Amino acid sequence: MATKDDSFFQMVFAVAREVPPGRVTSYGAIAKYLGTSGSARMVGWAMNQAHGQSPAVPAHRIVNRNGLLTGKHHFAYPEQMQELLEKEGIEVKEDQVVLFQELYWDPTKELEL
DNA sequence: ACGCTGACTATTA
DNA sequence: CTAATAGCCAGCG
């Protein structure tokens with residue numbers, strides 16, 4: 001688990017790609033899963049490098065602790081994030097994921113088994 | 001090497 | 001409710 005052979009980014013990308021469709025997760029959750037709890041900024045920063053990766057990283061499934069689409073401005077265009085989320089069946093209102101609590105996917109609870 | 005920046009989070013006022 | 005503060009750590013000039 002959490003192979004440290006790869007760069008920190010690759011670990012973040014790996015977890016992000018493990019997020020099931022129609023689900024969302026937070027930076028802090030990924031950070032904690034990687035053992036860098038408290039450094040949620042590193043996750044977001046890693047996502048910044050995700051742009052152009054192969055396979056593409058579903059960064060639109062990564063939101064902040066409030067379920068807010070804080071990173072939408074980093075996409076091709078800000079509305080793309082909400083567009084992709086709604087496309088997967090996730091309701092988004094006021095840049096915020098509706099029922100975020102129900103759609104929340106925690107790697108530390110789903111993957112560590 | 002130093003300081004600034006940042007897709008975060010939590011606490012305090 | 002908003003604003004400020006602190007902790008976090010990798011990249012860049």
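Letters A, B, ... mirror the listed sequences (proteins, then strands); counts begin at 1. Because only heavy atoms are used, hydrogens play no part in the values below, and waters and symmetry mates are left out as well, while side chains stay in. Everything quoted here is computed from the prediction, not taken from an experiment.
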Q. In whole Å, what is the span from the NZ atom of A/Lys32 to the P atom of B/dT9?
A. 13 Å
**Q.** Atom-to-atom span, CZ of A/Phe8 to C1' of B/dA7 - whole angstrom
**A.** 13 Å
(Q) How many whole angstroms separate atom CH2 of A/Trp45 from atom C1' of B/dA7? (A) 13 Å
Q) So which one's nearest nucleotide on DNA chain B is more toward 5', A/Met42 or A/Arg65? A) A/Met42
Q | Same apolar cluster (I L V M F W Y, side chains within < 4.5 Å links), A/Ile62/A/Phe75 | A | no
Q: Could you tell me the separation between the CG atom of A/Leu34 and the P atom of C/dC9, rounded to a whole number of Å?
A: 13 Å
Q. Hey, are A/Ser26 and A/Tyr104 close enough side-chain-wise for a donor-acceptor pair under 3.5 Å?
A. yes
Q.
Would A/Gln96 and A/Leu69 count as a side chain to side chain contact (heavy atoms under 4.5 Å, CB included) here? Give the steps.
A. CA-CA 6 Å; A/Gln96 187 176 262; A/Leu69 284 56; 5.6 Å; no
Q. Is a salt bridge present between A/Arg61 and A/Glu88, judged by a nitrogen-to-oxygen distance below 4.0 Å?
A. yes
Q: Identify whether any heavy atom of A/Asn48 sits under 4.0 Å from a base atom; if not, whether one sits that close to sugar-phosphate; answer base, sugar-phosphate or nothing.
A: base
Q: Select base, sugar-phosphate, or nothing to describe what A/Ala31 touches, counting heavy atoms under 4.0 Å on all strands.
A: nothing
Q: Would you kindly give the CG-to-C1' distance between A/Asn66 and B/dA10, to the nearest whole Å?
A: 11 Å
Q) Taking atom P of B/dT5 as reference, at what distance in whole Å does atom CE of A/Met47 sit? A) 24 Å
Q | Distance in angstrom units between A/Gln49 CD and B/dG6 P, rounded | A | 14 Å
(Q) What is the separation between atom NE2 on A/His51 and atom P on B/dA7, rounded to the nearest whole Å? (A) 14 Å
